[in-house]
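All remarks here apply to the structure that follows.
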Amino acid sequence: MKSLRQFMEELSMVTIVMIGGPGSGKSTYSKYISGHFDIPHIYTGDMMRDLQKRDPEVAKIMDRGDLVPIEKVMKALKDRLGKDDTDNGYILDGFPRNMKQLTRMKQENIDYKYVVYLNVSEKEVIKRLTARGRKDDKPEIIKNRLKVYEKETGPVVNEFRKSQRRFIEIKAEGKDEKSIAADIIGEIEKRG
Ligand code: AMP
């Protein structure tokens, strides 16, 4: 059971899940939102890239474009969420990535008020990822990451879509970055 104090604190927090495929712009827009609401951008992809340097098992998995085992992700995420700068809220970028992570998120009471789903066509995604040149942005690995996204994260998007008031769908292409960021922030503020 949550205490009344905990409940009141959570009411004023801005907690956001950014969800979308590889190359949908999750991290780009997370940075705008982070600046606007003064909340930290918690990016599991960066955390896992950091872990990859110390953990050969993680390195192997990431080199294939597959998902890192849940216990490793949960440990890194919970350590990060335990820091004081999350008192006003946070943006989760890249988590939850599959149904198992969504279940754990709920079990561990990781709060979220809004889900921002970035919808981008596959053609545009391939164009963006090819131009980005990150270590895991090679054609074969891109293909696998898109497959993993569809299979693992697709059901999470469908689940979030059911919570209509929280769910914000944004067409994240065809306009400049700043206008898309303003659309996202506007939608969040409208829902209050
Ligand atoms: P991203 O920067 O979000 O595209 O993530 C890059 C890679 O980090 C992914 O392909 C996964 O290998 C790993 N990763 C990031 N977030 C998660 C997560 N929530 N669960 C499992 N693996 C993750």
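Atoms within each ligand, like the ligands themselves, are counted from 1 in listed order. Since the structure is predicted, the reported quantities are computational estimates derived from the model, not experimental observations.
Counting the atoms of ligand 1 from 1 in the order shown, those under 4.0 Å from a heavy atom of R49 are 2 (O), 6 (C). For ligand 1, the atoms lying closer than 4.0 Å to a non-hydrogen atom of Q101 are 18 (C), 19 (N), 20 (N), 21 (C). Under a 4.0 Å criterion applied to the non-hydrogen atoms of D66, ligand 1 contributes the atoms 11 (C), 12 (O). Close contacts of ligand 1 with Y43, meaning ligand atoms under 4.0 Å from a residue heavy atom, involve 1 (P), 2 (O), 3 (O).
Partners of K151 by salt bridge (Lys or Arg N to Asp or Glu O under 4.0 Å), not counting sequence neighbours: none found.
Using a cutoff of 4.0 Å between basic side-chain nitrogens and carboxylate oxygens, E71 and R104 are scored as salt-bridged. With respect to E57 and K72, a salt bridge is recorded, a charged nitrogen being found less than 4.0 Å from a carboxylate O.
Remark: ligand 1 and G94 share an N or O pair separated by less than 3.5 Å (distance only, no angle test). Annotation: V73 places no N or O atom under 3.5 Å from an N or O atom of ligand 1; distance criterion only.
With distances taken over non-hydrogen atoms, the option nearest atom 21 (C) of ligand 1 out of L51, V58, V68, N144 is V68. Evaluated by nearest non-hydrogen atom to atom 4 (O) of ligand 1, the leading choice among M62, M47, K26, R134 is R134. Remark: among candidates R97, R64, M105, M48, the nearest residue to atom 3 (O) of ligand 1 is R97, based on non-hydrogen atoms.
A cation-pi contact, defined as under 6.0 Å to the ring centre and within 45° of the axis, links R166 to Y112.
Regarding atom 17 (C) of ligand 1, its nearest protein heavy-atom neighbour is T44 OG1, 3.7 Å.
For the side chain to side chain contact (heavy atoms under 4.5 Å, CB included) test with T103, the passing option among K100, Q107, Q101 is Q107; the others fail. The side chain to side chain contact (heavy atoms under 4.5 Å, CB included) with L92 is formed by just one residue from the set V115, L77, I19; it is L77.
Using a 3.5 Å distance cut-off with no hydrogens or angles, the side chains of Y43 and R80 do not pair a donor with an acceptor.
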